[in-house]
Structure formats: C-alpha cells, structure tokens
Undergrad: 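Questions regarding the structure given below will be posed in turn.
One-based numbering, in listed order, for ligands and for the atoms of each.
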Amino acid sequence: MNTSLFEDLADREALPQDLGPGITVLKGFALRDGAALVTALFAVAERSPFRHMVTPGGYRMSVAMTNCGPFGWVSDNKGYRYDSFDPDTKTRWPAMPEVFTRLAAEAAKRSGFSDFVPDACLVNRYQAGARLTLHQDKNERDFTAPIVSVSLGLPADFQFGGLACTDRTTRLRVVHGDVLVWGGPARLRYHGVLPLKPALHALTGEYRFNLTFRKSAST
Ligand code: SIN
Ligand code: FE2
C-alpha cells in the first residue's frame, strides 16, 4: 500500500487559510537570517550539546534537543518542565543569540503579538525518521504569549490538530526559513511533525532544525 496516499487521505489538504484563527504562516520570513540562525544554533550546541531526552513514560525521543535562553524545556522520568540549568552540563543554558530574539519578536509582531520577549528557545534537531507526535505546548505559565516556530534546513510536514487530541489534523509543508506563529485561540492547539524524509540541505546537511520560542515564566 502506498503510505503517502494513505496519509493524504487521513490528513486534510494543507491550505494556510484553513488553519483557523490565531495561526499565522510567515513563508520565508527567516530566509534572510537563515545562515546566521544556523551558525548561532551550532554555537549554542557547542555549549549545550543535542541529546535525546526520555519521556516520563520511559521512551527515548527521536528528536534531539537543546535549549538557549534563561529557561530550557526538559523531559525525564520525573516529567516535563522548564529549568534554568542544563541537566547534562550542569550549567545554565547558553544565552539566547541576539539574532534569535530579534527574529522571534519581529515574527510575533507581524502576527499581531507585540512585545513578545521569549525567555526560552527549544532547539530541535530532526534526522531521517525523527518525528514529534501530536502534543500541546502547555508547560508554560503564560498562555497569553504566542509560540514562534522557525524551520531551518530540510523540509518537513507539520500537523495542526484542534484543542482536543482526537480532532482531525491539517498538514502543512514547512521549508527552510518558514515561521509559524500560534497564539490566542490557537495557543493550545495540538501540533506535531511527521517523520522526516531523508535528504541533504546545503546549510544543515542531513538535518532539519526547529527553533521554538516560548515565554515559559509568568511576569
Ligand atoms: C515543537 O512542537 O516543539 C516543534 C515543532 C517543530 O519542530 O516544528
Ligand atoms: Fe510543540
């Protein structure tokens, strides 16, 4: 059976206008800064290396992760949370590069969220087969701030579901330089990434990277 045909039938056609209120697709918004963002994320990973975290249920995540900024998202057998220390290096997470903060604030502003100051940036690294199952971003204390998600390197199929995990999903192709912003009525929408297809990208080789900017602490 042709699995991609099956997936096409299971998911709705990905038209950006279908995504609903509170979701903005900024195609190519990060393209101009693409190389600088990749260089800066490599510098972050020099200090806090990528690692495969374990879920509270004991599964090793296929996506490798690191963080930068005052807080970092971590998962282990105790649960999901934000921590200002990297559990692997036992030091604080690297500072958020200026090019990250600026781009995140500009993308949020363009999407109707002025004054977005992220205090956490989760950096995801996908290689062939890596995926992120449908989930909500709900470990943050402040749901008034949006999520800003920057795609770098290899393309991927992003999925948006609804507010319930059983709601049907819409698939959206994201390529190098695309930025997605979701907030307001969409802040707790389920989302995920389908298994990465093997390919090579001029800047990132066999990988897709994603920067997810959040405001984790309340003010
Ligand atoms: C996430 O949901 O944290 C990341 C999504 C992505 O990698 O595009
Ligand atoms: Fe997420």
Side-chain angles (χ1 to χ4, degrees), residues 11 14 16 19 22-30 34 37-38 41 44-45 50-53 55-56 59 61-69 71-75 79-82 93 96 100 103-104 107-108 111 118-143 145-165 167 169-183 186-197 201 204 206-216:
D11 278 350
L19 292 170
I23 300 182
T24 307
V25 181
L26 300 170
K27 289 298 287 179
F29 190 82
L37 292 166
V38 169
L41 92 76
V44 165
F50 284 102
R51 79 289 308 263
H52 293 272
M53 296 188 196
T55 66
Y59 291 100
M61 298 181 77
S62 60
V63 177
M65 298 175 171
T66 185
N67 290 277
C68 60
F71 298 101
W73 184 86
V74 292
S75 175
Y80 305 122
R81 66 190 171 281
Y82 282 93
W93 297 103
M96 210 181 293
F100 281 24
L103 184 89
S111 310
D119 63 8
C121 174
L122 174 65
V123 186
N124 290 331
R125 187 187 72 189
Y126 297 73
Q127 60 191 119
R131 65 193 285 243
L132 207 56
T133 52
L134 279 183
H135 65 278
Q136 291 170 296
D137 290 358
K138 60 176 183 187
N139 302 122
E140 302 72 30
R141 298 227 176 93
D142 183 350
F143 293 150
I147 300 287
V148 174
S149 165
V150 180
S151 290
L152 297 167
L154 289 181
D157 287 317
F158 193 93
Q159 285 179 303
F160 265 115
L163 294 172
C165 64
D167 290 346
T169 58
T170 300
R171 196 189 306 183
L172 180 75
R173 187 95 171 143
V174 284
V175 304
H176 178 72
D178 288 351
V179 180
L180 301 179
V181 179
W182 62 98
R187 177 61 182 72
L188 290 174
R189 293 267 301 263
Y190 275 83
H191 58 280
V193 178
L194 292 173
L196 195 83
K197 304 220 170 71
H201 187 275
T204 66
E206 61 182 313
Y207 298 115
R208 167 183 188 254
F209 293 98
N210 174 262
L211 310 174
T212 322
F213 295 94
R214 296 100 186 266
K215 187 164 174 340
S216 72

Undergrad: In Å and rounded to the nearest 0.5 Å, what is the CG to CH2 distance from N139 to W73?
TA: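 These two atoms lie 7.0 Å from each other.
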
Undergrad: Can you check whether N210 has an N/O within less than 3.5 Å of an N/O in ligand 1?
TA: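 Min N/O separation from ligand 1 is below 3.5 Å for N210.
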
Undergrad: Provide the atom name of the closest N, O or S atom of D137 relative to the Fe ion (ligand 2).
TA: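 Going by distance to the Fe ion (ligand 2), the closest N, O or S atom in D137 is OD1.
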
Undergrad: Sequence neighbours left out, what passes ring pair (Phe, Tyr, Trp, His ring centres under 6.0 Å) with Y126? Give chain and number order.
TA: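 For Y126 there are no ring pair (Phe, Tyr, Trp, His ring centres under 6.0 Å) partners, ignoring immediate neighbours.
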
Undergrad: For ligand 1, which atoms sit closer than 4.0 Å to a heavy atom of R208?
TA: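 Atoms satisfying the 4.0 Å criterion: 6 (C), 7 (O), 8 (O).
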
Undergrad: Given salt bridge (Lys or Arg N to Asp or Glu O under 4.0 Å), test R173 with D178 step by step and report yes or no.
TA: CA-CA 9 Å; R173 187 95 171 143; D178 288 351; over 6 Å; no

Undergrad: At a 4.0 Å threshold, what atoms of ligand 1 neighbour a non-hydrogen atom of H191?
TA: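 Going through ligand 1 atom by atom, the ones under 4.0 Å from H191 are 2 (O).
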
Undergrad: Evaluate D137 for polar contact with ligand 1, using N/O atom pairs at a separation under 3.5 Å.
TA: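 No, since none of the N or O atoms of D137 sits under 3.5 Å from an N or O of ligand 1.
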
Undergrad: Can you list the ligand 1 atoms lying under 4.0 Å from a non-hydrogen atom of H135?
TA: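 Counting from 1, the qualifying ligand atoms are 1 (C), 2 (O).
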
Undergrad: Could you tell me which atoms of ligand 1, counted from 1 in the order shown, lie closer than 4.0 angstrom to a heavy atom of R214?
TA: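 Ligand 1 atoms under the 4.0 Å threshold to R214: 3 (O).
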
Undergrad: Distance under 4.0 Å to a non-hydrogen atom of V193: what atoms of ligand 1 satisfy this?
TA: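 Contacts of ligand 1 toward V193, numbered from 1: 5 (C), 6 (C), 7 (O), 8 (O).
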
Undergrad: Can you classify the ring geometry of F160 versus W182 as parallel (below 30°), tilted (30 to 60°) or perpendicular (above 60°)?
TA: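 F160 vs W182 ring planes: perpendicular.
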
Undergrad: Out of all atoms in ligand 1, which are within 4.0 Å of some heavy atom of L132? Include the element for each.
TA: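 Answer for ligand 1: 1 (C), 2 (O), 3 (O), 4 (C).
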
Undergrad: Could you pull out the atom name of the N/O/S atom in H191 that is nearest the Fe ion (ligand 2)?
TA: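 Result: NE2.
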
Undergrad: May I ask you to list the atoms of ligand 1 that are less than 4.0 angstrom from any heavy atom of N124?
TA: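 By the 4.0 Å cutoff, the relevant atoms are 1 (C), 3 (O), 4 (C), 7 (O).
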
Undergrad: Using a 6.0 Å cut-off, check whether atom CZ of R81 has over 12 heavy atoms from anything other than its own residue.
TA: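 Yes, the 6.0 Å shell around CZ holds more than 12 heavy atoms from other groups.
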
